[in-house]
Every structure is written in C-alpha cells, then in structure tokens.
Engineer: 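The structure's right below; bear with me while I get my questions together.
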2 protein chains.
Amino acid sequence: MLYIVGLGLGDEKDITVKGLEAVKSCNRIYLEHYTAILTVPKERLEALYGKPVLLADREMVESDLNSILEGADKVNVAFLVVGDPYGATTHTDLVLRAKELNIPVTSIHNASIMNAVGCCGLQLYNYGQTISIVFFLDNWRPDSFYDKIKQNRNIKLHTLCLLDIKVKEQSIENMARGRKIYEPPRYMTVNQAVEQLLEVEDNRKENVYNRNTIAVGMSRVGAPDQRIIAGTLEELLDADFGEPLHSLVLAGEMHFLEADSLRQYAINVDTFNKYAQVSDH
Amino acid sequence: MLYIVGLGLGDEKDITVKGLEAVKSCNRIYLEHYTAILTVPKERLEALYGKPVLLADREMVESDLNSILEGADKVNVAFLVVGDPYGATTHTDLVLRAKELNIPVTSIHNASIMNAVGCCGLQLYNYGQTISIVFFLDNWRPDSFYDKIKQNRNIKLHTLCLLDIKVKEQSIENMARGRKIYEPPRYMTVNQAVEQLLEVEDNRKENVYNRNTIAVGMSRVGAPDQRIIAGTLEELLDADFGEPLHSLVLAGEMHFLEADSLRQYAINVDTFNKYAQVSDH
C-alpha cells in the first residue's frame, strides 16, 4: 500500500491520528520537501514515528518515482506531503503511476494553506482562482498572475497568492556545468511579493489594484507563532512577518462580517476603514 | 482557552495528534453538528477522547455562544467542527466573541472539502468561487448560484458546489406553532443537485452549462468508501453515490494532466473524451 499522507501546516503533531497509524505501519517513509516546508526539522518527525524519514527532493520525485514505489505492492510505503496530499500536480503523478503498477493507494487528507487561509476572516467561498508569484530575475519577470487577479477582482473575489519557494535549486552556472551544488533555500516574503505586484501594476497600468488596495499577509499559518496582518499594499511593504512560509491575500469586496473579522488584524484601522470595499449583503 | 478543533472529513481518527491532545485537556467538549456531519456516531469520538461530547445545534451556536464560552478564561473548552474550523461564518462569530471576553483562542486546522476536493485530479488553483445549492421548495427556488457559475465558467474555472444539509429543521407548521419538533435530517444528493442545476439552466437559458457539461460527483471524501464519479451532467443524473455527504464539481477547461487524472473516474471514457474541454498549456 502507498499511503500519501498530508502533514498539515505546523509541526510534527499536525499529522492526523489516522496518518500517524499509517506511517507507523510503513517500511519506508519519504518526505516531499521542495513544494512546501515544515516548521520543524525532520528529526522531530522521526522521533514521533520511531522511524527514519527519507527526504524526497524534486529530482527524485520528478525522475525516480519507481524507487519510491518499489515493493509497495507487498509492504507499506508512506509519502509525506506538507499540507494536503493534493496541493501539487506531482503527487497526482505518483498516484497515477502507482495505479499503473496495481499498487493500492490511500490518501490521508489534512489542512493546507488553501483552506487554512480562512482563519483571516475572509470566507473561503469568496475566493477566486489562486495564483502563484515567483521570484523575479533580471531578465525573467513573469506576470501572468496579473490577468488572473484582474479576472478575480472584476467579479469582486479575493485572491490567494502563493509565494515562491526555492529549495535545492542550482545556479545557472552550476546547472550548465552539471555540478550538483545547490543554493541556500529561499522563501518569498510578503514584502517581496507586494513589491513585485506593485511593479507589475506600474508596468501594466490596468488599475487592477493599487497601493491602497486592502490585503492581508500571513505567515506560518497553523503554527503557534503565526502572524496575520491586514493593511493596504503600501502598509504591507514593510510589515514584519518573521520566518517563512508567507502567504498573501488580496481582498476583494468584503461582506461586513468579513470586514469585522479582518479589521482585528489591521495595522491601521483608519486606513482599513477608508480603503476596505465592504458590501452590506 | 477555547480550542476550535477541525475534525477533518472522515471518522474520529481524522483529528490531528495536536487536536486530540487539546481535546483531552478540556473540561467541556462541544461538537457543531448542523453545517456538516461526521461519518461516525459521536460515541466513537467519546471513546477516543475518554470524555463526553455535547452536541451544539444551530440554535445553541447562533443564540447561546455565552454558554459555550462560560468559564473558558479559567478552564479549557473545545469546540469541534467537521472539516476545518473556518468553513462557516458562525465559527468566526465564536472567535470574535471569545476575544471580546478576553478568552484566548487556539485554532487547530484540518482538511475540509474545500481542499480535499483536490483528490479528483482537478487542481485547486483552477477553481473559481465556491457555490452552495439549497433544496428547492415549491415556492422558493433560489438560483443565484447560476450567476456565480457563469462568472467562473466565463474564465474557464472549475466550480465546487456544496450541497444542502438540513439537520434539526422544523416544518413551517411546527415553527409557527412554536413546537420543537424536528424533521429527519436530509442531505442533498449529487443527483438532486444536477436536477436542480439543469432546471435553472432550462429557465435561464444563458447556456452556462448543459447536459453534456463534464462534472464530477464525490461522496464521503476522505472516508474509506469514498466515491468519485466523473461524467456529463446527464450521466450523473442517475449515478449512485451512496450515503452522504455528497459534493459536485463542474469542470471548466482542464489542463491535459487534470483530464488524465479525472478520466480514471469516468463513467464512460468515450463521452468524457468527447465533451471534456482540454487545453494543452
């Protein structure tokens, strides 16, 4: 059996009771660690499970699914994913491959940023499509998210922005030379994301959002030290969110109950009240 | 401390290890049981927790928050929610009230249908706003969801439809007479939802979707006997999804990897291939 187990968002104890039982029954345990990160070192997982945990990087997951699945028709293998198992396409590939090999698959769900973001008070059913913001490079500043934000905002919906993570990436030079030397991990901050958003608006000038648009930054959602800070994009440019992971939500039109919830996290209640778009229905 | 604890989607063991520890530390434990349902009786929760669980119905949660919060500044109280704590506005109210009373609140996240729906293979970031479909009555057939589906489909996004739940509802006669007699619980099936969707399209005639639109019905997501069935709306009219809860997704334009995943659940691969809208980018 292949168990695909969501670990949730915080530390080792955010696994479900069912997930923990499954993991303890496994001969091999892999942890996917390039699309999201745990807030604790993997040794904490190993202590809870009483078993070693193997790190599965992008290279392994994208090119060597067979070694993960080896023998899973006879013994139990766990593939651990931060958040929920179906947050990333890669894990869908793993499920399809397992089915081709007649290996039974059980998924054990958990919280992910896609639903935990509800904790800021903006209702999940008022979100449009989720977008991703990647680190801009000198010559590569992809802004396709701008059109998606525009679509969402045209119909007054909120937009969850997932922020880039670079784990075990090679520099272009090292990649060209085939050297397996990796850069230190990088995680986009709310501040960096807001900077990039404003740069794109400055270039595209379609008035999709501006410096006074109300947004909410969140960090380490689900962890004891999570932070939720609401304000204008201008205000969020230098708000301190601390350690990764960070996420950002651009608020659309808010129901007054949503505004009541979000206001408690406002940097400045006056600017919040001035710029929040609130409906009474 | 008030702990708001998500129970996830399946049985008693879908609570997180952290959630279970919190619940075991509580003097009183409430289970919200009118916006979603567990797939197991509450006695199974009580056996795992070693404590009694009090049922909190709509009446209690909407009009008697203070009794839930009583003493929570001195002892621990748990409020259990099927899925994630922030699936419904009501629980936001509870958090705000607790803060007014200076009661510390800790939320423990979990899977909800809003993210677990990813298991059908349609990627979460390609969903638009989520809609709710309520039971039509003879003289009350609210179709505001139609406009929202239209907005989503105009920009090619998928639409998650949450289906109505009626728990501890009074008949109009009993309500008028002030008799606290409650109707048996009712849960909308995928078949009923599709019927209502088609009725609204027949009335509105804006060609937002039709009988050949590809959709996917899901039941008991996260439970061992979950069902995922993809097909045209016509085909889903009489597909058997078994026990509640049911959910429905109207597929927008699919990336070919999404189509590959969803196809494995198709009632009829030929009609699926004929009517699925698949992009190659």
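Proteins get letters first, then strands, A, B, ... in listed order; numbering begins at 1 in each.
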Engineer: Select all residues of residues 14-26 of chain A having any heavy atom within less than 4.5 Å of some heavy atom of chain B, and report them by number, or 'none'.
Structural biologist: A:D14, A:I15, A:T16, A:V17, A:K18, A:L20, A:E21
Engineer: For a quick test of reading the model, state the closest non-hydrogen atom pair linking A:L197 to A:Y209 and the distance between them.
Structural biologist: O-OH, 2.6 Å
Engineer: Checking A:N126 against A:E258: is there a side-chain donor and acceptor pair closer than 3.5 Å?
Structural biologist: yes
Engineer: Can you name the residues of residues 145-161 of chain A that have some heavy atom under 4.5 Å away from a heavy atom in chain B?
Structural biologist: A:Q151, A:I155, A:L157
Engineer: Roughly how far, to the nearest 0.5 Å, is the CZ atom of B:F135 from the CE atom of B:M188?
Structural biologist: 5.0 Å
Engineer: Show the nearest heavy-atom pair for residues A:C120 and A:I228, with the distance to one decimal.
Structural biologist: CB-CG2, 4.1 Å
Engineer: For the OG atom of A:S247 and the CE atom of A:M218, what is their distance to the nearest 0.5 Å?
Structural biologist: 6.0 Å
Engineer: Could you report the tightest heavy-atom contact between B:L9 and B:A116, atom names first, then the distance?
Structural biologist: CD1-CB, 3.4 Å
Engineer: What part of B:N115 is in contact with chain A, defined as an atom under 4.5 angstrom from a non-hydrogen atom: side chain, backbone, both or neither?
Structural biologist: both
Engineer: With a 4.5 Å cut-off on heavy-atom pairs, point out which of B:K99, B:E12, B:Q226 contacts chain A the most.
Structural biologist: B:K99
Engineer: Search all heavy atoms of B:H109 against all heavy atoms of B:Y86 and return the closest pair with its distance.
Structural biologist: CE1-CD1, 3.9 Å
Engineer: Between the main-chain N or O of A:Q277 and the side-chain N or O of A:E253, is there a donor-acceptor pair closer than 3.5 Å?
Structural biologist: no
Engineer: Would you mind telling me which of A:I108, A:L96, A:I113 has the largest number of heavy-atom pairs within less than 4.5 Å of chain B?
Structural biologist: A:L96
Engineer: Mind listing the closest non-hydrogen atom pair of A:L7 and A:N110 along with its distance?
Structural biologist: C-ND2, 3.4 Å
Engineer: What distance separates B:K42 NZ from B:L80 CG, expressed to the nearest 0.5 Å?
Structural biologist: 11.0 Å
Engineer: Using a cut-off of 6.0 Å, state whether more than 12 heavy atoms not belonging to A:E206 lie near its atom CD.
Structural biologist: yes
Engineer: With only heavy atoms counted, which part of B:S112 is less than 4.5 Å from chain A, the side chain, the backbone, both or neither?
Structural biologist: both
Engineer: Name the region of B:Q264, side chain, backbone, both or neither, that has any atom closer than 4.5 Å to a heavy atom of chain A.
Structural biologist: side chain
Engineer: For a quick test of reading the model, state the closest non-hydrogen atom pair linking B:L122 to B:A251 and the distance between them.
Structural biologist: CD1-CB, 4.1 Å
